[in-house]
There are 2 protein chains.
Amino acid sequence: MKGYQREARDDDDAGPGTLQPWEALVVDAVGNVIDFWKFKRNQGRVWAVLYLRGKAMSATEIQEALGLSKGGVSMLVRELEQWNVVVRVRAPRDDVWRYAAETDLMKMVGHVITEREHQLVKSVLEDLEGALDDAKEAGADAAVIARLRRMKTLADLVDRALRAFVQTARFDVGNAFEVLADPDKVERPERRRR
Amino acid sequence: MKGYQREARDDDDAGPGTLQPWEALVVDAVGNVIDFWKFKRNQGRVWAVLYLRGKAMSATEIQEALGLSKGGVSMLVRELEQWNVVVRVRAPRDDVWRYAAETDLMKMVGHVITEREHQLVKSVLEDLEGALDDAKEAGADAAVIARLRRMKTLADLVDRALRAFVQTARFDVGNAFEVLADPDKVERPERRRR
DNA sequence: GTTGCGGTTCAAGACCTCTTGAACTAGATA
DNA sequence: TATCTAGTTCAAGAGGTCTTGAACCGCAAC
């Protein structure tokens, strides 16, 4: 439960990076949220600079902006790529990789939910099923069995809710999931794909 | 990102506790979920035994069941009490405290959301507002300002979504949030309170 | 070839959180 | 009063995760 509300306004003082103070504020805020979401704080910070600056940045630029180590940036961007949260681009005449922030929230959140949360729920369901069988076999109390069933029901509900969310949110009411996108770059037709 | 999918079926082997193997399975599954939710794994395990056993247990019983230390149990139950997830009871003729699992999901989840998530969103909103002001003052690029605004919009949306969830889920469709409750103990009228 | 640069990998260590266990309080018993 | 048990607190240590920095690779320029 590390930092969902760090000592308020005291981490914007120094920091080794070269960010503007107000940039640092945003970047760290995103870092907190992301850290809370069980990703690495610095993953959030990297995405945040990329989004905020609005242009693809090289690893070195990221490194300097955030005051991270070379190796660290390399790892962070790879992880972010794997989560579909950042894309790696190499312009024709360019000889370094540059990274740009994904802005389609559903692309990001959806991926996380299906890859990670769903995974968790699935494994819990398996455990509960296993336990249910064993408990019956061991002649456990009927009330206990009933509670086990209820837990399983709950896990099922959550599982379905997650699926439903991911399935429907793509084509969902309003453009809530495109808030972050640059207005004149939103590709409407894209949404019908898949 | 410790344990949302630990090495599958290998933590049910030993464990110092006196739980039945199938109990351990359930307890650890809940522990994983809760750990993932940024609470302590053992908080989840304590709630799980209490729920599974279906009766109020003393600290000593919990300690033995889960193989925890005396001091640890004391801290864990206190924290769980604070989150409205466990209640401390002392029966008339009883000379020890006993703890029972809360089963009203909304009571638990709602509390967490209002106390913790909402808190996070609020602090992010403040940071973004602060950054927005500073950025304007520092004469930042218009596109950057626009992106900052979009982030703030998103934070606002999330804030409202959370509020809405907590507000409506109490009186919500179906009894999805009472899955865990003992059927003949659900107090319907209670739901209209507040 | 060799020098320089972008990029990756990984062992070592920094950093943090959680748990333990001993010391302590309070109340009950004798 | 002395002694026992339930319960709390907290410093020290265990156990994790994250970051660093050095070694390394590949490629291009010289």
Side-chain angles (χ1 to χ4, degrees), chain A residues 1-7 11 15-17 28 31-32 34-46 56-83 86-99 116, chain B residues 1-7 11 15-17 28 31-32 34-46 56-83 86-99 116:
Chain A
M1 224 175 287
K2 185 169 49 182
Y4 67 91
Q5 201 201 15
R6 340 236 327 265
E7 305 90 278
D11 35 305
D28 289 344
N32 287 342
I34 254 48
D35 173 62
F36 197 58
W37 237 132
K38 281 234 160 187
F39 289 92
K40 297 181 192 163
R41 168 179 305 270
N42 278 333
Q43 290 174 343
R45 302 211 313 142
V46 169
M57 293 170 70
S58 71
T60 314
E61 287 167 336
I62 296 173
Q63 184 185 340
E64 280 160 7
L66 300 180
L68 301 172
S69 69
K70 193 158 107 105
V73 173
S74 175
M75 296 205 38
L76 291 169
V77 292
R78 180 153 43 77
E79 291 154 3
L80 289 172
E81 268 187 284
Q82 282 164 354
W83 286 109
V86 147
V87 288
R88 177 190 293 237
V89 292
R90 175 112 68 171
R93 271 265 142 270
D94 204 349
D95 61 343
V96 297
W97 286 110
R98 293 181 183 279
Y99 305 89
R116 206 178 65 169
Chain B
M1 224 174 283
K2 186 169 48 181
Y4 65 91
Q5 200 203 13
R6 340 240 323 267
E7 305 90 281
D11 37 306
D28 289 343
N32 286 342
I34 254 46
D35 172 62
F36 197 57
W37 239 120
K38 282 235 160 186
F39 289 92
K40 297 181 192 165
R41 169 180 303 269
N42 277 333
Q43 289 175 343
R45 301 211 314 141
V46 170
M57 292 170 71
S58 70
T60 313
E61 286 166 337
I62 296 173
Q63 184 184 340
E64 281 162 5
L66 300 180
L68 300 172
S69 69
K70 194 159 107 102
V73 173
S74 176
M75 297 207 36
L76 290 169
V77 293
R78 180 153 44 76
E79 291 154 3
L80 289 171
E81 268 186 285
Q82 283 164 354
W83 285 110
V86 146
V87 289
R88 177 191 294 238
V89 293
R90 175 111 70 171
R93 272 265 140 271
D94 205 348
D95 60 344
V96 296
W97 285 110
R98 293 181 182 279
Y99 305 89
R116 206 178 64 168

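The sequence lines fix the lettering, A, B, ..., with proteins before strands; numbering per chain opens at 1.
- Looking at heavy-atom distances under 4.0 Å, N42(B) makes contact with sugar-phosphate atoms alone, never a base.
- One can place CD1 of I62(B) at 17 Å from C1' of dT20(C), the figure rounded to the nearest angstrom.
- The CG atom of D95(A) sits 18 Å away from the P atom of dG26(D) (whole-angstrom rounding).
- For R98(A) and dG7(C), the shortest distance from a side-chain N or O to OP1 or OP2 is not below 4.0 Å.
- Rounded to whole angstrom, the span from the CG atom of L68(A) across to the C1' atom of dT8(C) amounts to 16 Å.
- Sorted by first and then second residue, the side chain to side chain donor-acceptor pair (under 3.5 Å) pairs involving residues 65-75 of chain A (not counting sequence neighbours) form an empty list.
- Taking atom CG of L66(B) as the reference point, atom C1' of dT20(C) lies 15 Å away to the nearest angstrom.
- Applying the side chain to side chain donor-acceptor pair (under 3.5 Å) test to R88(A) and every residue at least two apart in sequence or in another chain returns E81(A).
- For R78(A), the side chain to side chain donor-acceptor pair (under 3.5 Å) test picks out no residue, with sequence neighbours left out.
- Residues passing the side chain to side chain contact (heavy atoms under 4.5 Å, CB included) test with L68(B), sequence neighbours excluded: N42(B), R45(B), V46(B), L66(B), V73(B), L76(B).
- When each of dG7(C), dT9(D), dA6(D) is scored by its nearest atom to the side-chain atoms of R78(B), the top-ranked nucleotide is dT9(D).
- Among pairs with a residue in residues 56-69 of chain B, those fulfilling salt bridge (Lys or Arg N to Asp or Glu O under 4.0 Å) read E61(B)-R98(B), at least two apart in sequence or across chains.
- Between F39(B) atom CZ and dC18(C) atom P there is a gap of 11 Å when expressed in whole angstrom units.
- Computed from coordinates, the K38(A) NZ to dT17(D) C1' distance equals 10 Å when rounded to whole Å.
- Q43(B) CD to M75(B) CE: the interatomic distance, rounded to the nearest 0.5 Å, is 8.5 Å.
- Regarding contacts with the backbone of dG7(D), every side-chain N or O of R90(B) stays at 4.0 angstrom or more from both OP1 and OP2.
- A cation-pi geometry, defined here as NZ or CZ lying under 6.0 Å from the six-membered ring centre and within 45° of its normal, holds between R116(A) and F39(A).
- Protein atom CG of D94(A) is 14 Å distant from nucleotide atom P of dA28(D), rounded to whole Å.
- Distance from the side chain of Y99(A) is smallest to dT8(C) among dT8(C), dG7(D), dT20(D).
- Rounded to whole Å, the distance from CD on Q43(B) to P on dT17(C) is 14 Å.
- Proximity note for K40(A) (side chain, C-beta onward) versus dT9(D), dC18(D), dG7(D): the nearest is dC18(D).
- For the contact set between residues 69-76 of chain B and DNA chain C, defined by any heavy atom under 4.0 Å, the members are S69(B), G71(B), G72(B).
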